[in-house]
Amino acid sequence: MACKRASGGEFQLVHDQNKSGLQNFTPSAYDLNVVYFVPSDGDTIAHYRERLNGILLQGQRFYRKWMNYYGYGDRSFGLRLDSAGKVKITVVKGALPKTGYLYHGGGGIAIGELNTWFAAHPADKHSEHTLVIMPASTYAADGDPGGVPFYGIGRWCFVLDYAEMDTSYLGQNTTLGKRATKWIGGLMHELGHGLNLPHNKEKVSEAADPAKGTALMGSGNYTYGKSPTFLTAASAAILNNSQVFRTSTATGIYGDGNTTINIIKASYTGGNIVLNVKFSSTQTVNNVNVYNDPEGGGDYDAVPWVAAPSGDSIQLSMPISEFHKKTGNYALRIRFLYTNGSFTEISYPYTFVNNEPVLDISIKDELNKSS
């Protein structure tokens, strides 16, 4: 066990390079690949290792807190340490200048180069999940950084770096404090995508809970480090199967799977949407996420519940008092989570009329999505 100081001055416990144990922490069998990707005409930004070390260890603790809260154990995504005891960050020089890695399209170009790089350096690839950090290439008149990819693509996520990107600014009601929440919170949000997480929104009661507040995978990139921010139960259920949260190695991670819904019954009674589903699957399903997603909003406002299967069935009661919106069209998205980390999602349309859901749902209406 080692005690390291983050760039924000806060002491944190980290696991050592051979994963030989951290008190009250179960180390992952796989580590997130952390790459600092520099265009051919660019350079790293001063003190990036110290600053990013603090950011990533803080993020590891954040994810760990909520996994533990939902009963999945004291687990988080794995981080490999370098010889100095800091998070290992691999610097890779790009083949193109800054103009070759713009926000639109630049991520895909970088992925192509990094796949080639990993093929030539297989010992440096520790999982299927990669965080790519690029130095900001442009700055607005007020100093706000930008110009590079900042999003998740599959199991890749792209974020930026700038000189004052440091946990020490989080929580300050200053320009640099607000900027730290935006970009460090943004890093944690995009990292969530790279760890398999879709968008979702907190329930009404969670928004009012001073211990929870805003879901990270909703608008939490604007609240992280400033006001209460958390992972939803649905996000934790997905991370439970993510490769870099696993405490032992496994074969067949992210293998194929398919689920068929054989019977679905949805009704509205006593202020609740009551859902009964009977299914068959080619993979082991350990949780089912059910998202109520209003039309528009790009699924940022999808309010989720989690159901543990009983054999080949789930039953779930969802109070509409937890919905933020009770008008217009909705999608009921049922995501079957496989122990191998993949999923199948089946979606059904419904609508609200006079503030009540109208649930004319049948199997013929389903839309499927797998990964």
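Only heavy atoms go into these numbers, but all of them, side chains included; no hydrogens, no water, no symmetry mates. Here the structure is a predicted model, which means the values were calculated and not measured.
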Would you please say whether a donor-acceptor pair under 3.5 Å links the side chains of [X] and [Y]?
X      : Y      : answer
Asn241 : Asn286 : yes
Thr259 : Thr344 : no
Thr351 : Asn329 : yes
Asp161 : Tyr36  : yes
Tyr254 : Asn196 : yes

Do the non-hydrogen side-chain atoms of [X] and [Y] ever get within less than 4.5 Å of each other?
X      : Y      : answer
Pro319 : Trp305 : yes
Leu187 : Met165 : yes
Val288 : Val306 : no

Between [X] and [Y], is the ring centroid distance below 6.0 Å?
X      : Y      : answer
Tyr151 : Tyr103 : yes
Phe323 : Tyr330 : yes
His129 : His193 : no

Please determine if Arg75 forms a cation-pi arrangement with Phe245, meaning its NZ or CZ atom is less than 6.0 Å from the six-membered ring centre and no more than 45° off the ring axis. no

Using 30° and 60° as the class boundaries, would you call the ring planes of Phe150 and Trp183 parallel, tilted or perpendicular? perpendicular

Parallel, tilted or perpendicular, judged at 30° and 60°: which one describes the rings of Phe352 and Tyr350? tilted

If you draw a 6.0 Å radius around NZ in Lys93, do more than 12 non-hydrogen atoms from other residues or ligands fall strictly inside? yes

